[in-house]
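Beneath this line is the structure, given in structure tokens, with notes to follow.
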Amino acid sequence: MSKNYLCVPVAAVFALAIVCSCGNKSKKASSSVDDDDDEATEEMEDEDLAESYLSQDLATFDLYGQAISVHYERGEHTYPVTVRFSKQGRVLEIIRTDGQGDSEKASLTRDDDGRIEWISWESDSPWVTSLSYEGEGYVAPSQCMETNQMGNYTAERYLRDADGRLLSMKFEEAIHGNTVEGEPEHVVRLSDYDERGNWLTCTITAGQYTFVTCRTISYADDPVTTDEADADADDERIKAFITDLYNSGSYLDYDFLRAHCTPRMLKKLEENYEYDGEGYAVWLFRTSSQDGKPNCVDTSGVSTVFPDADGGHWYHYKFVDGGWRGENRIKVLLRDGQCIIDDLETVYDEAFEQLQQ
């Protein structure tokens with residue numbers, strides 16, 4: 001597959017987001033401006049805009065204000081990408097979703113200054129993306145390069161005017177170490193700014209080709225809608241259900257399982273039952289050990305419950321089982337206000353791991 005930007009954006013989200021960073025304190029200097037943009041420029045000058053990034057990660061994605069997520073969309077041939085941030089502005093995860101609804105999380109490596117330096121997607125291996133920065137403080141990347149082990153790479157260098165305004169991107173490509181004749185410079189235009197001064201539309205022109213990227217940004221202080229409040233309440237209800245399921249030993253009660261498991265889950269418990277007659281493999285909810293951990297306090301209980309990064313009603317619960325540590329992935333549905341278990345997977349079983357050594 002060609003890695004040419006005209007066919008496949010460099011590292012998907014990074015070509016969509018990072019290349020549009022201006023690296024300047026004033027957002028009115030973020031986009032290229034021609035004679036037709038005078039009115040838009042004057043409108044931006046009247047706005048009360050943020051003067052600096054709140055964190056390096058927010059600078060990397062050209063986000064002013066306390067953004068907690070940004071979602072990128074760019075045409076049918078590019079997978080949508082979502083970046084989520086902590087309230088301190090540090091990237092928590094970067095996820096892209098393919099046409100079948102399957103999600104993949106990017107792996108990140110940081111440099112000694114804590115800036116994102118390498119990004120990789122397992123499905124893109126052996127291609128990896130590197131970012132370069134110039135200047136001190138919170139700055140946007142100056143270059144984005146995608147490379148593999150065969151000497152192939154694509155690189156984009158961002159060209160700005162004296163005021164820091166992003167004007168264009170210089171593109172370079174090499175195949176097996178040999179530089180390919182360069183594409184025309186990519187002209188950048190940012191528009192549709194929100195009230196925080198962040199761009200929502202990026203138009204990139206490269207010769208006869210034009211690409212439009214749209215992004216949706218959520219902030220920590222956005223008003224909570226009724227639907228979001230209901231979703232938070234449902235999330236807490238499910239977490240409490242999972243915690244009590246283990247701590248109270250409810251999973252040992254067959255009547256409880258029949259009332260709180262889907263037919264598919266009950267079938268899974270039946271198929272994994274290892275003894276004569278009929279029964280449920282209730283040990284799937286805990287570790288594989290029947291005895292407490294040697295030389296350890298015999299304690300049991302859930303330590304934490306959190307949603308799976310891929311969503312889809314999946315949660316993780318970490319627990320201690322007679323001193324042994326474990327982690328399970330569990331799918332819980334809400335039906336008529338009742339929590340129903342639909343699937344269960346083992347993520348970590350310390351007792352089993354030790355037995356294999």
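This structure is a prediction, so every number in the text was calculated from the model and none was measured. These numbers come from the heavy atoms of this one structure, side chains and all, not from hydrogens, waters or symmetry mates.
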Pairing of Arg215 and Asp194 as salt bridge, 4.0 angstrom limit: no
Smallest separation among heavy atoms of Pro307 and Asp235, with atom names: CG-OD1, 3.8 Å
Any side-chain heavy-atom pair of Val332 and Arg237 under 4.5 Å: no
Ser142 (side chain) donor-acceptor with Ser132 (main chain) under 3.5 angstrom: yes
Nearest-0.5 Å distance that lies between atom CZ in Arg157 and atom CD in Glu172: 11.0 Å
Side chain to side chain contact (heavy atoms under 4.5 Å, CB included) evaluation trace for Phe352 with Thr346: CA-CA 11 Å; Phe352 179 80; Thr346 298; over 6 Å; no
Test item: Tyr209 side-chain N/O and Ile204 main-chain N/O as donor-acceptor pair under 3.5 Å: no
Side chain proximity check, Val282 to Tyr254, heavy atoms < 4.5 angstrom: yes
Aromatic centroids of Tyr251 and Phe285 separated by under 6.0 Å: yes
Evaluation steps, side chain to side chain contact (heavy atoms under 4.5 Å, CB included), between Val128 and Thr147: CA-CA 6 Å; Val128 295; Thr147 61; 3.7 Å; yes
Straight-line distance of Cys339 SG to Asp234 CG, nearest 0.5 Å: 8.5 Å
pair Lys331-Arg264: side-chain heavy atoms closer than 4.5 Å: yes
Separation between CE of Met265 and CG of Leu284, rounded to the nearest 0.5 Å: 6.5 Å
Least distance between heavy atoms, Trp118 atom then Ser130 atom: CZ3-CB, 3.5 Å
Gap separating the CD1 atom of Ile217 from the CH2 atom of Trp199, nearest 0.5 angstrom: 7.5 Å
In one Ile/Leu/Val/Met/Phe/Trp/Tyr side-chain cluster, 4.5 Å: Ile95, Ile119: no
Geometric class of the Tyr273/Trp283 ring pair [parallel <30°, tilted 30-60°, perpendicular >60°]: parallel
Flag side-chain contact, heavy atom, 4.5 Å: Ser303 against Val320: no
Considering all heavy atoms, the nearest Gly323-Lys293 contact: O-CD, 3.5 Å
Closest approach of Arg286 to Gln290 (non-hydrogen atoms, all atoms of both residues): NH2-CA, 4.0 Å
Heavy-atom side-chain proximity of His260 to Gln338 below 4.5 angstrom: yes
Test side chain to side chain contact (heavy atoms under 4.5 Å, CB included) applied to Thr287 and Phe319, step by step: CA-CA 9 Å; Thr287 68; Phe319 59 95; 3.7 Å; yes
Atom pair NE2 (His313) and CG (Leu333), whose distance is rounded to the nearest 0.5 Å: 6.0 Å
Heavy-atom check, side chain of Tyr246 versus side chain of Asn328, under 4.5 Å: no
Lys87 backbone acceptor or donor facing Gln66 side chain under 3.5 Å: yes
Phe306 ring center near Tyr315 ring center (under 6.0 Å): no
Within one Ile-Leu-Val-Met-Phe-Trp-Tyr cluster: Tyr348 and Leu344, side-chain cutoff 4.5 Å: no
Donor-acceptor contact present, side-chain Asp349 to main-chain Ser288, <3.5 Å: yes
Cluster overlap Leu108 with Val81, hydrophobic side-chain contacts below 4.5 Å: yes
Identified side chain to side chain contact (heavy atoms under 4.5 Å, CB included) partner of Val70 from the options Val83, Leu58, Ile94, Asn198: Val83
Heavy-atom closest pair, residues Cys144 and Thr129: SG-CG2, 3.6 Å
Carboxylate-amine/guanidinium contact Arg335 Asp342, below 4.0 Å: no
Result of checking Val302, Val347, Thr304 against Tyr317 for side chain to side chain contact (heavy atoms under 4.5 Å, CB included): Val302
ILVMFWY network linking Phe241 to Leu334, side-chain heavy atoms under 4.5 angstrom: yes
Which residues share a side-chain contact (heavy atoms from CB on, under 4.5 Å) with Ile68, sequence neighbours left out: Ser218, Ala220
Contact summary for Trp324 and Asp291, nearest pair of heavy atoms: NE1-O, 3.0 Å
Common cluster, Leu252/Leu257, ILVMFWY with side-chain heavy-atom separation under 4.5 Å: yes
Backbone N/O of Trp127 and side chain of Glu146: donor-acceptor pair under 3.5 Å: no
Backbone of Tyr219 reached by a side-chain donor or acceptor of Asp222 within 3.5 Å: yes
From CA spacing to verdict: side chain to side chain contact (heavy atoms under 4.5 Å, CB included), Ser123, Arg96: CA-CA 11 Å; Ser123 61; Arg96 69 181 180 188; 2.8 Å; yes
Other residues, nucleotides, ligands: >12 heavy atoms within 6.0 Å of Glu274 CD: yes
Side-chain heavy atoms of Lys318 within contact of Arg325, under 4.5 Å: no
Flag side-chain contact, heavy atom, 4.5 Å: Glu117 against Leu131: no
Short N-O contact, Lys105 and Asp308, less than 4.0 angstrom: no
Under 3.5 Å: donor-acceptor pair, side chain of Gln56, backbone of Val139: yes
Heavy-atom donor-acceptor pair, Ser300 side chain to Gly322 backbone, under 3.5 Å: yes
Straight-line distance of Arg115 CZ to Asp57 CG, nearest 0.5 Å: 11.5 Å
